Amino acid sequence: MTGILKNSCYLTVALDVPLTRFFEYSFTSEIVPMVGDRVIVPFGPRSLAGVVLGVSSATQLDRSKIREITALPNDMPPLPADVLALSRFCAEYYGHPLGQVLATALPVALRQAKVFISPEPSGVYQASDVGLLLANISARAPLQRRLAEMLALPMARAELAAVSPSAMKWLKTWLEAGWVSFTAALPDAIPLPLAAALANKDQQAAIDQIVDTAGFAAFLLFGITGSGKTEVYLQAIAHCLAQSCQALVLVPEINLTPQLEARFRARFPTARIVALHSGLSDKERVVNWLSASRGEAHIVLGTRLAVFTPMPRLGVIVVDEEHDGSFKQQEGLRYSARDAAVYRAHQRQVPVVLGSATPALETWHNARQGRYRLITLQHRAVGGAMPPKIEIIPMHRAKTVEGLHQATLNIMRDHLASGQQVLVFINRRGYAPVLSCGECGWLGECKRCSAKLVLHLKERRLRCHHCGYEEQIPAACPDCGNQDLRPLGQGTQRVEAALEGLFPDAKILRIDRDNTRRKGSLQEMLRQVSAGEANLLVGTQMMAKGHDFPSLNLVVVLNADAGLFSVDFRGEERMYAQLLQVAGRAGRAGTQGRVLIQTGYHDHPFYSQLLAQDYAAFADSQLDERRSMQLPPFAVYALLRAEAEDGALAKAFLVELQSVLADAPSVQMFEPIVASMQRKAGMERWQLLVMSDTRHPLVNALKRVMPMLETRNNKVRCILDVDPIEL
DNA sequence: AGCACGCCGACT
DNA sequence: GTCGGCGTGCTC
């Protein structure tokens with residue numbers, strides 16, 4: 001027996017616990033773990049997964065305190081240096097424990113303290129003749145047929161295994177029959193014939209600028225709806241793939257993924273494209289993530305969480321609709337995936353393309369300062385297409401029917417009569433935003449939040465949109481007993497009901513979060529719209545994003561004014577982006593679209609800026625205002641929000657933080673104030689706003705209070721939000 | 001965050 | 001008598 005001398009080493013491990021410190025473990029084996037490796041370790045009475053941050057042959061700690069790791073699963077490639085660097089940056093900048101940042105970076109299956117059984121080995125399967133294969137499969141075996149169809153292209157084992165638990169069994173049979181072959185080839189060897197596509201002069205210039213870049217550069221691709229930003233992404237990605245590199249594409253919402261994925265698949269039929277978003281199962285997520293990590297996936301298409309995906313041959317990053325608020329996570333690690341993407345591109349020395357028709361003012365400012373290169377797409381790419389005509393319908397003292405101006409109704413009627421589709425946009429779901437008593441003025445309010453209960457007539461419920469509280473619609477006023485309770489204001493359900501009365505012949509379809517909760521139902525509704533099975537659409541925000549409806553020519557915007565008097569300084573910026581985005585839904589092909597905006601404040605300067613449809617001018621004027629008021633991007637803000645059942649405790653905690661921060665250099669503070677929603681889910685909320693001219697003093701100052709947030713005060717919970725998008 | 005340990009109220 | 005409330009403290 002030859003005894004192999006077993007070496008012992010010490011590992012510094014980051015764990016998914018809300019603690020800033022790391023933990024050391026010993027490991028005895030001839031294998032030496034690498035930084036970035038996943039380990040399973042004992043932690044107090046439980047078992048946790050962690051990430052190795054350091055390997056050393058010695059330790060400072062008392063040997064008796066150090067425990068041995070439970071396992072080195074070796075079920076993923078170690079996290080690469082750039083992902084670790086990005087995680088460290090997020091941990092420091094957003095004031096979040098590194099272990100928890102790394103947990104966010106990993107797919108759920110790899111956060112768990114058990115070995116992930118990876119569907120190895122890597123190689124590709126392909127059917128020599130799909131027709132022959134299908135001929136040997138029963139028509140009543142849809143999963144087998146689906147698997148067979150996938151084999152038209154070279155497929156990795158993992159992707160096939162995800163089809164069904166029996167997939168590998170079937171595959172084995174087919175391999176034995178000779179219908180399918182396995183090649184242990186590296187994916188880079190898969191040829192990528194790239195279809196040539198035409199680009200107009202603007203697009204070509206944009207593509208040239210991006211692909212001619214060596215190393216890092218950030219581009220702001222600024223172009224109105226229909227100007228062909230996607231074509232620029234596609235060609236930049238084609239260039240990247242041609243160099244055997246991988247592309248990372250970030251999109252705002254999961255709603256957008258299938259549509260964009262289809263377009264990418266059509267353009268790159270032989271490329272391996274994987275999606276990464278929270279709509280996938282844990283299994284699909286980890287399979288796709290591993291495919292990217294091993295360098296097999298050519299294109300990763302995902303939401304903000306995909307920014308952390310390890311990609312050994314990363315060649316370009318695209319952030320589509322970069323202004324979209326969903327790139328900022330609103331809980332836990334409150335990171336901006338857009339900013340993280342820029343950081344990562346810099347780290348990897350690759351170009352990053354931020355695309356938008358209405359860039360975030362932060363991005364616009366960076367472009368104006370020359371930190372980002374501004375590429376403008378001036379023209380609509382679709383032949384003959386024109387920007388929509390935006391019209392203001394003044395509502396002041398106007399005679400209305402169910403909140404619709406007579407002029408609006410007439411125009412809608414004309415459009416419907418000529419066989420076109422009409423979209424009524426109202427950014428409020430439910431029937432009415434509040435139920436009131438006509439006698440005593442009582443308003444239905446949530447008991448746990450400082451918010452009104454929204455009336456959902458179809459479900460016969462009053463609902464709080466902030467905490468999920470629900471109750472039955474009261475038969476009479478709880479205060480005075482009056483039975484005449486009236487809905488105030490309008491939501492999508494009420495508009496839908498009104499339109500049913502006004503346009504009895506129209507095929508009305510309502511699209512909002514309430515009726516698209518089920519998986520695939522939004523896709524189904526969008527299909528109905530495209531197929532012309534509906535011609536009068538009522539919808540919220542979610543209608544506005546990226547969906548093209550060729551026969552939609554009129555958009556009516558109700559209740560637009562909400563953003564004008566927002567307490568948040570970003571109100572106008574958001575409103576402009578939103579209105580321009582909805583407006584973009586109108587008239588994509590051939591005819592000029594028409595947009596009617598009903599407003600009670602038609603002479604507000606905002607609307608003249610909107611009518612000009614000149615976002616650059618609007619953004620510049622907004623920047624002037626921001627500069628004069630020391631608001632972002634001319635200052636860096638952080639929000640400390642404390643919650644407690646007793647508001648006084650929350651406030652006292654912030655006062656304490658304030659005193660700790662008081663003498664921090666180059667940092668200013670406001671007084672603690674009640675949060676914009678004072679009460680939420682039974683907690684009183686207070687907030688403290690901290691600001692600085694630049695990032696570093698602010699980050700340094702916040703480091704002082706981090707230990708105070710960690711040692712959680714029994715009754716007060718406090719969160720830190722750096723670069724908050726809502727105040 | 002979990003999870004254990006620990007010390008005081010209403011129940012088989 | 002003990003089941004269980006959540007305060008406090010620890011995790012390499």
Side-chain angles (χ1 to χ4, degrees), chain A residues 6-29 31-73 78-79 84 87-88 90-92 94-114 282 305 308 329-335 640-646 648-650 652-653 656 681-684 705-721:
Chain A
K6 294 214 167 179
N7 303 309
S8 190
C9 60
Y10 297 97
L11 309 177
T12 304
V13 176
L15 296 170
D16 183 13
V17 285
L19 303 170
T20 326
R21 79 198 118 117
F22 307 123
F23 296 86
E24 278 183 43
Y25 291 87
S26 61
F27 183 53
T28 311
S29 165
I31 308 159
V32 179
M34 289 169 71
V35 167
D37 260 328
R38 198 171 96 86
V39 286
I40 296 171
V41 296
F43 189 66
R46 59 208 165 115
S47 182
L48 292 179
V51 173
V52 176
L53 295 180
V55 182
S56 149
S57 56
T59 178
Q60 317 274 30
L61 251 68
D62 179 357
R63 292 278 306 265
S64 66
K65 291 188 96 177
I66 298 185
R67 297 215 260 168
E68 179 91 8
I69 70 165
T70 312
L72 179 65
L79 289 178
L84 289 170
S87 303
R88 283 209 155 88
C90 287
E92 162 154 319
Y94 296 107
H96 209 67
L98 181 55
Q100 294 196 300
V101 176
L102 291 166
T104 330
L106 290 173
V108 179
L110 294 174
R111 287 175 212 170
Q112 284 156 9
K114 57 182 180 197
D282 288 353
L305 56 89
F308 292 103
Q329 180 140 11
Q330 293 290 28
E331 58 185 40
L333 171 67
R334 294 174 168 253
Y335 68 105
L640 287 152
R641 186 161 56 227
E643 297 185 356
E645 268 170 60
D646 178 0
L649 288 177
F653 183 72
E656 203 183 321
M683 301 289 254
E684 291 290 325
V705 298
M706 291 315 297
M708 298 172 69
L709 305 189
E710 188 178 315
T711 46
R712 64 172 193 285
N713 183 316
N714 321 328
K715 293 187 163 94
V716 185
R717 252 192 45 192
C718 187
I719 58 102
L720 168 63
D721 192 349

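Naming: A, B, ... by sequence-line order, numbering from 1 per chain. All values derive from a computational prediction rather than experimental measurement.
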Within the structure provided, determine whether E684(A) and E643(A) are in side-chain contact (heavy-atom separation under 4.5 Å).
no
Check the distance between dC6(C)'s P and E645(A)'s CD and give it to me in whole angstrom.
11 Å
At 4.0 Å (heavy atoms only), tell me whether F43(A) reaches a base, stays on the sugar-phosphate, or touches nothing.
base
Round to a whole Å and report the spacing from CG of L48(A) to C1' of dC3(B).
11 Å
Separation of dC12(C) P from F27(A) CZ (nearest whole Å)
18 Å
Checking dA4(B), dC12(C), dA1(B) against the side chain of I66(A) (C-beta onward), the nearest is dC12(C)
Can you confirm if the aromatic rings of F23(A) and F43(A) lie within a centre distance of less than 6.0 Å?
yes
In whole Å, I'd like the distance from the CG atom of D16(A) to the C1' atom of dG2(B).
11 Å
K715(A) has an atom NZ; how far is it from atom C1' of dC6(C), in whole Å?
10 Å
side-chain N/O R46(A) vs dC3(B) OP1/OP2, d < 4.0 Å:
no
With D16(A), which residues qualify under salt bridge (charged side-chain N to carboxylate O under 4.0 Å, His left out), at least two apart?
none
Of the options dT11(C), dA1(B), dC3(B), whose atoms approach the side-chain atoms of R21(A) most closely?
dT11(C)
Whole-Å distance, L61(A) CG to dT11(C) P, equals 10 Å
Determine the contact category for P45(A): base if any of its heavy atoms lies under 4.0 Å from a base atom, sugar-phosphate if only primed atoms, P, OP1 or OP2 are that close, otherwise nothing.
sugar-phosphate
Salt bridge (charged side-chain N to carboxylate O under 4.0 Å, His left out): which pairs involve residues 33-45 of chain A, sequence neighbours left out?
R38(A)-D75(A)
Nearest-angstrom distance from the residue atom NZ of K65(A) to P of dT11(C):
5 Å
Between dT11(C) (C1') and L19(A) (CG): distance, integer Å:
8 Å
